[in-house]
Amino acid sequence: MSDDNLLPFSFPAVQRKKITAAFDGGRITSDGGVMLLAQAERRLGIAERLAQVIPDRRDQDRVTHLVPDILRARIFAIACGYEDADDLDRLRCDPAFKLACGRLPDSGTDLCSQPTISRWENAPALRDLIRLMGVMVDLYCASYATPPAAVTLDINDTVDVVHGHQQLSLFNAHYDERCFLPIHVYDTAVARPVAVLLRPGKTPSGKEVHGHLRRLVRRIRRHWPATHITIRGDGHYGRPQVMAWCEENGIDFVFGLPGNAVLADAVEEAADDIRTRRALDHKPGLRGFAETRYQAQSWNQQRRACARIEATTQGLDIRFIVTSLETRSAEHIYETIYCARGQAENLIKLHKTQLASDRTSCRSPLANQMRLILHTAAYWLILTVRDAIPKAHLLATAEFATIRLRLLKLGTRVIETASRIRLAFAAACPEARLIRHIAAGLMPSAP
């Protein structure tokens with residue numbers, strides 16, 4: 001049967017010249033920038049690190065695709081915008097993807113197909129996934145040349161609407177959807193992911209949050225025994241078990257705190273002063289801060305509570321936080337320290353919407369957790385490419401979708417000869433100079 005793609009077709013004429021087209025251009029890829037991802041992966045060694053903790057029980061004499069190659073192909077595809085495993089049925093023959101995975105574009109064997117990838121997404125058991133998440137935490141710690149004096153880790157969850165009857169999915173009345181609520185942990189100051197955990201679609205309990213943080217900090221302490229850690233999160237992470245554990249282990253915290261009548265009474269004098277001054281000066285809004293010592297009935301001791309008080313023509317709005325930090329003013333702790341956690345929402349957007357990590361459509365929660373790990377690995381690759389961009393360049397702070405469009409989705413002719421392989425990028429590529437700079441910056445220093 002003939003291939004219709006080879007048949008010519010037409011476009012409207014331009015200046016009386018007929019235009020015809022056909023898909024017969026030869027070995028041309030639409031993802032030439034995947035070679036930048038390949039350099040980033042070689043520097044980080046993500047695929048090899050992950051493969052080392054997944055047991056391979058296949059007969060090695062009959063293996064065609066090694067586990068690192070399978071993971072590498074899947075991670076590259078995710079980073080380039082192909083979030084489904086069945087996209088590899090086409091990409092497995094793509095010359096740029098084959099090169100990125102260490103295979104010759106023409107004479108090399110094709111990459112693995114969708115069934116192979118799906119089998120390995122479903123292969124890891126629970127203990128394997130725990131080790132895989134440990135690898136991601138190790139990767140985060142290794143991203144620092146030397147142990148930092150202090151880090152602030154943002155913990156947050158995000159809604160992941162399910163597409164069927166997946167295990168762990170629950171109906172959440174707040175979102176009015178059946179969903180997962182995976183937990184994301186980031187080092188927001190450097191935009192680096194620390195951990196991503198699939199979990200049921202309900203608000204985490206104090207016992208659950210305590211368990212996750214205890215395991216995470218224990219893993220980080222293997223690398224950084226002296227680094228001071230601060231945990232930052234919204235109200236449903238400030239549970240009694242979590243705060244007590246942080247205090248026992250020398251970890252600072254800043255959590256949101258739901259308001260109540262006792263807290264409102266404690267800052268009433270400051271609130272009334274702000275409300276009065278706004279009215280007397282006829283200002284549209286006036287903001288101030290106050291603090292108090294507060295102990296909820298379930299707490300084991302009093303803690304510092306800071307309040308942001310905002311008076312407007314619409315009334316009074318008061319927000320509270322609870323913290324173990326005893327120095328600095330209430331204004332600094334709220335506006336400079338606590339409000340900075342908003343950047344974690346942007347990082348979750350990069351992870352979830354621009355890398356499609358909410359594509360958790362497997363029935364098994366283990367397979368869905370494996371997908372989150374692969375998407376986190378793709379996050380690391382694009383972040384590494386972005387970090388190689390000069391700070392003065394406009395793309396140095398670009399979102400991942402922009403990085404993909406400008407640097408990865410490049411039409412490239414791949415030419416393999418007897419002695420070399422040549423990549424012919426478009427002469428009119430607008431980011432040619434930047435791509436050359438990134439390629440040189442990610443070049444390994446030694447063979």
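Starting from 1, each residue takes its place in the sequence as its number. What you see is a predicted model; the values in this text were computed from it and never measured.
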Side-chain donor-acceptor contacts of residues 377-387 below 3.5 Å, not counting sequence neighbours, with atom names and distances?
unit_1	atom_1	unit_2	atom_2	d
Tyr379	OH	Ala191	O	2.8
Thr384	OG1	Trp380	O	2.7
Arg386	NH1	Ala398	O	2.7

Near-ring test His375/His351, centroid separation under 6.0 angstrom: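 Centroid separation for His351 and His375: 6.0 Å or greater.
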Are the aromatic rings of Trp245 and Phe253 close, with centres under 6.0 Å apart?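 No: the rings miss the under 6.0 Å criterion.
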Between [Y] and [X], is there a salt bridge with N-O shorter than 4.0 Å?
X: Arg92; Y: Asp94; answer: no
X: Arg199; Y: Glu208; answer: yes
X: Glu83; Y: Arg371; answer: no
X: Glu331; Y: Arg287; answer: no
X: Arg49; Y: Asp138; answer: no

Are [X] and [Y] linked by a side-chain donor-acceptor pair shorter than 3.5 Å?
X: Glu177; Y: Asn172; result: no
X: Arg232; Y: Thr152; result: no
X: Thr158; Y: Lys352; result: yes
X: Asp31; Y: Tyr82; result: yes
X: Tyr237; Y: Asn156; result: no
X: His236; Y: Arg239; result: no
X: Ser364; Y: Gln167; result: no

Ring-plane angle category for Tyr144 and Trp224, please: parallel below 30°, perpendicular beyond 60°, tilted otherwise.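 Rings of Tyr144 and Trp224: perpendicular, as their planes differ by over 60°.
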Lys349/Glu399 under salt bridge (charged side-chain N to carboxylate O under 4.0 Å, His left out): CA gap, chis, key distance, verdict: CA-CA 10 Å; Lys349 180 182 72 172; Glu399 294 191 344; 2.8 Å; yes
Taking distance alone, no hydrogens or angles, what donor-acceptor pairs closer than 3.5 Å link side-chain atoms of residues 428-443 to residues at least two apart or in another chain?
unit_1	atom_1	unit_2	atom_2	d
Glu431	OE2	Arg406	NE	3.1
Glu431	OE2	Arg406	NH2	2.2

List the steps, then state whether salt bridge (charged side-chain N to carboxylate O under 4.0 Å, His left out) holds for Arg308 with Glu310. CA-CA 7 Å; Arg308 187 272 288 155; Glu310 190 166 35; 3.5 Å; yes
Are side-chain heavy atoms of Ser329 and Phe289 found at a separation under 4.5 Å?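 The answer is no, as the side chains (C-beta and beyond) never meet within the 4.5 Å cut-off.
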Do Pro115 and Asp89 make a side-chain contact, defined as non-hydrogen atoms from C-beta onward lying under 4.5 Å apart?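 A side-chain contact under 4.5 Å exists here.
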